[in-house]
Number of protein chains: 2
Amino acid sequence: MVKTKDKIILAAEKLFSEHGFEQTSLRQITSEADVNLASVNYHFGSKKSLIQAVMARYQMVFLPALEVELQRLAEQPNYTTTDVLACMTQPLIALRQVRLDGPVIYLRLLGYAYSEIQGHLRKFTMTHYGHVVQGFFEMIQTANPHLSRKTLFWRLHFSLGAMLFAQVSGQALREIALADFGEATQAEETFLKLLPFVAAGISAVDPEAQN
Amino acid sequence: MVKTKDKIILAAEKLFSEHGFEQTSLRQITSEADVNLASVNYHFGSKKSLIQAVMARYQMVFLPALEVELQRLAEQPNYTTTDVLACMTQPLIALRQVRLDGPVIYLRLLGYAYSEIQGHLRKFTMTHYGHVVQGFFEMIQTANPHLSRKTLFWRLHFSLGAMLFAQVSGQALREIALADFGEATQAEETFLKLLPFVAAGISAVDPEAQN
DNA sequence: TCACATTTAAAACGCACGTTTAATTTGCAG
DNA sequence: CTGCAAATTAAACGTGCGTTTTAAATGTGA
């Protein structure tokens with residue numbers, strides 16, 4: 001028998017990833033989960049806490065796995081931007097342990113988390129996994145010694161934006177692509193197409209560096 | 001004497017660009033504009049119509065100006081991705097006619113429009129200015145004959161995502177950058193930093209093209 | 001089986017929102 | 001000045017939300 005708490009989590013993940021956090025009401029979630037409305041507040045305390053619980057379930061798998069991959073690469077004598085970015089693929093695949101469609105779900109949740117409650121997720125992530133994020137940044141810096149920290153900071157966030165937009169708008173974009181020139185794109189394929197784009201963007205020569 | 005309708009538009013632009021469309025209530029707008037709550041529905045019919053009016057005011061300046069720039073470049077024997085992207089800078093500056101801080105306002109509005117009401121803005125833009133968008137796409141294609149339409153489609157939307165994220169999260173990111181390593185970034189500077197990133201990402205070699 | 005803590009259930013609360021109504025004020029042509 | 005349309009105002013409406021309350025049902029250890 002499936003516990004009420006688990007039914008809520010599963011339904012919340014699904015609806016949050018499809019429509020965003022604020023656009024999803026507790027009534028939709030409890031209806032989808034086939035549980036009573038009040039049980040969310042009983043088991044999680046508030047909607048905000050439910051959101052954090054949903055995110056934490058994925059973060060606690062993804063970020064430690066990312067840390068392992070980064071440390072492995074850090075032992076190499078040298079590495080490229082692409083190498084560092086590729087460290088994310090295995091941890092993403094590891095999210096299948098959480099849920100069969102975990103990788104897709106997580107990327108979408110990330111997108112909504114950043115675009116809706118910008119500050120909260122970043123604070124939570126930095127508090128619990130700040131050293132992983134920091135390490136990632138340092139390795140990108142090592143792979144691109146010609147770039148200033150400031151330029152790198154912005155380019156990493158441009159990359160984040162590209163990824164989040166692709167995930168959140170992914171379904172709509174896939175439909176447009178299909179209608180415009182009849183080529184379908186798989187959800188997982190989007191992330192693979194993203195990597196060379198982001199890698200080239202990050203490593204681009206900085207025009208300002210000539211100053 | 002400033003008309004009520006104009007006071008509403010000015011206040012709405014400001015608040016929409018700061019907090020997004022859905023996060024901004026009509027009560028906030030009418031309070032900021034110092035007009036009666038009901039006057040929005042009297043002058044614009046609905047909140048949705050107000051949003052469209054706000055967006056249209058910028059689109060009708062930006063997109064025709066972009067068309068002019070693109071046509072000028074198209075007459076050249078050849079051009080690069082950067083050249084095509086640079087066509088956007090003058091039309092952005094032209095938005096100062098609409099409002100002193102028009103360029104910044106417009107980019108932020110774009111960001112929220114895409115992340116909140118994804119379908120609507122695209123539909124509106126394509127209906128009224130579809131040929132401009134189409135022309136932009138074709139010129140990027142011409143500048144990158146080695147890339148498939150599918151790859152180009154996704155990379156252009158990655159670029160859009162990078163820009164929108166930078167604008168919407170721009171204020172928060174600027175504060176983080178300042179706190180993390182003490183370097184301030186101007187709002188207008190963000191767009192300039194974006195161009196080389198996006199240009200390199202779009203023109204990157206496509207690993208899939210080897211297949 | 002009994003007593004007690006845990007969990008579920010139905011209903012209501014208070015709040016903020018976009019919108020509508022109806023009355024009043026304002027602007028202006030004849 | 002008069003009369004009428006346009007504009008403004010204050011108040012209320014209906015809806016959906018997250019949350020709380022109170023009672024009933026369920027599970028559990030002695």
Side-chain angles (χ1 to χ4, degrees), chain A residues 1-57 109 112-113 115-121 123-124 168, chain B residues 1-57 109 112-113 115-121 123-124 168:
Chain A
M1 176 224 177
V2 185
K3 298 265 184 228
T4 297
K5 196 168 177 177
D6 295 330
K7 291 205 284 186
I8 294 173
I9 283 272
L10 290 177
E13 285 175 3
K14 175 173 182 286
L15 294 174
F16 282 156
S17 75
E18 282 172 5
H19 311 114
F21 297 105
E22 301 193 352
Q23 299 280 354
T24 304
S25 70
L26 294 186
R27 284 169 174 82
Q28 288 176 265
I29 293 172
T30 52
S31 175
E32 168 91 17
D34 198 33
V35 300
N36 188 272
L37 169 62
S39 57
V40 171
N41 284 279
Y42 176 77
H43 285 288
F44 295 94
S46 67
K47 183 180 180 179
K48 193 172 177 178
S49 299
L50 172 62
I51 293 173
Q52 289 179 340
V54 166
M55 289 305 300
R57 214 164 79 97
L109 291 176
Y112 283 116
S115 57
E116 290 181 17
I117 45 171
Q118 297 160 21
H120 298 186
L121 178 72
K123 196 170 295 177
F124 179 85
V168 169
Chain B
M1 176 227 177
V2 185
K3 297 266 183 226
T4 296
K5 196 169 177 177
D6 295 330
K7 290 204 284 185
I8 293 172
I9 282 273
L10 291 177
E13 284 175 3
K14 175 172 182 287
L15 294 174
F16 282 156
S17 75
E18 283 173 3
H19 310 114
F21 298 105
E22 302 192 352
Q23 298 281 355
T24 304
S25 70
L26 295 186
R27 283 170 176 81
Q28 287 176 264
I29 294 172
T30 53
S31 174
E32 168 90 18
D34 199 33
V35 300
N36 187 271
L37 169 62
S39 56
V40 172
N41 284 281
Y42 177 78
H43 285 288
F44 295 93
S46 66
K47 183 180 180 180
K48 193 172 177 176
S49 298
L50 172 61
I51 293 174
Q52 289 179 342
V54 166
M55 289 305 301
R57 214 164 80 96
L109 291 176
Y112 283 116
S115 58
E116 288 181 19
I117 46 172
Q118 296 158 22
H120 298 184
L121 178 73
K123 197 171 295 178
F124 179 86
V168 169

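Proteins get letters first, then strands, A, B, ... in listed order; numbering begins at 1 in each.
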Atom [atom1] of [X] to atom [atom2] of [N]: distance rounded to whole Å?
| X | N | atom1 | atom2 | value |
| --- | --- | --- | --- | --- |
| B:Leu50 | C:dC17 | CG | P | 15 Å |
| B:Ile8 | D:dT9 | CD1 | C1' | 13 Å |
| A:Glu22 | D:dG16 | CD | P | 18 Å |
| A:Asn36 | C:dA12 | CG | P | 14 Å |
| A:Phe44 | D:dT19 | CZ | C1' | 16 Å |
| A:Gln23 | D:dG18 | CD | C1' | 15 Å |
| A:Lys7 | C:dA9 | NZ | P | 8 Å |
| B:Leu26 | C:dT20 | CG | C1' | 13 Å |

Go through the steps to decide whether A:Leu109 and A:Phe21 satisfy the test side chain to side chain contact (heavy atoms under 4.5 Å, CB included), and finish with yes or no. CA-CA 8 Å; A:Leu109 291 176; A:Phe21 297 105; 4.0 Å; yes
May I ask you to establish whether A:Lys5 and A:Phe44 are in a cation-pi arrangement, using a distance under 6.0 Å from NZ or CZ to the six-membered ring centre and at most 45° from the ring axis? yes
Looking only at the side chain of [X] (C-beta and beyond, no hydrogens), which of the listed nucleotides [options] gets closest?
| X | options | result |
| --- | --- | --- |
| B:Ala38 | D:dT19, D:dA10, D:dT20 | D:dA10 |
| A:Lys47 | C:dT19, D:dT20, D:dT19 | D:dT19 |
| B:Asn41 | D:dT9, C:dT20, C:dA9 | C:dT20 |

Could you grab the distance from atom [atom1] of [X] to atom [atom2] of [Y], nearest 0.5 Å is fine?
| X | Y | atom1 | atom2 | result |
| --- | --- | --- | --- | --- |
| B:Ile8 | B:Glu32 | CD1 | CD | 12.5 Å |
| B:Gln23 | B:Tyr112 | CD | OH | 8.0 Å |
| A:Ile9 | A:Glu13 | CD1 | CD | 6.0 Å |
| B:Gln52 | B:Leu121 | CD | CG | 9.5 Å |

Take A:Tyr42 and A:Leu37, find for each the nucleotide of DNA chain C with the closest heavy atom, and name the residue whose nucleotide sits nearer the 5' end. A:Tyr42
Kindly give the atom pairs (protein nitrogen or oxygen, nucleotide nitrogen or oxygen) under 3.5 Å for nucleotides 25-27 of chain D.
none

Taking all heavy atoms of A:Ile29 and all of A:Ala11, pick out the closest pair and write down the distance. O-CB, 3.8 Å
Using side chain to side chain contact (heavy atoms under 4.5 Å, CB included), reason through B:Leu26 and B:Asn41 one step at a time and then give a plain yes or no. CA-CA 9 Å; B:Leu26 295 186; B:Asn41 284 281; 4.1 Å; yes
Would you indicate what [X] reaches in the nucleic acid, counting non-hydrogen atoms under 4.0 angstrom: base, sugar-phosphate, or nothing?
| X | answer |
| --- | --- |
| A:Ser39 | nothing |
| A:Ser49 | nothing |
| A:Thr24 | sugar-phosphate |

Side chain A:Arg27 and base D:dG18 donor-acceptor under 3.5 Å: yes
Within the pair A:Ser25 and D:dG16, is there a side-chain N or O less than 4.0 Å away from OP1 or OP2? no
For C:dT8, does OP1 or OP2 lie under 4.0 Å from any side-chain N or O of A:His43? yes
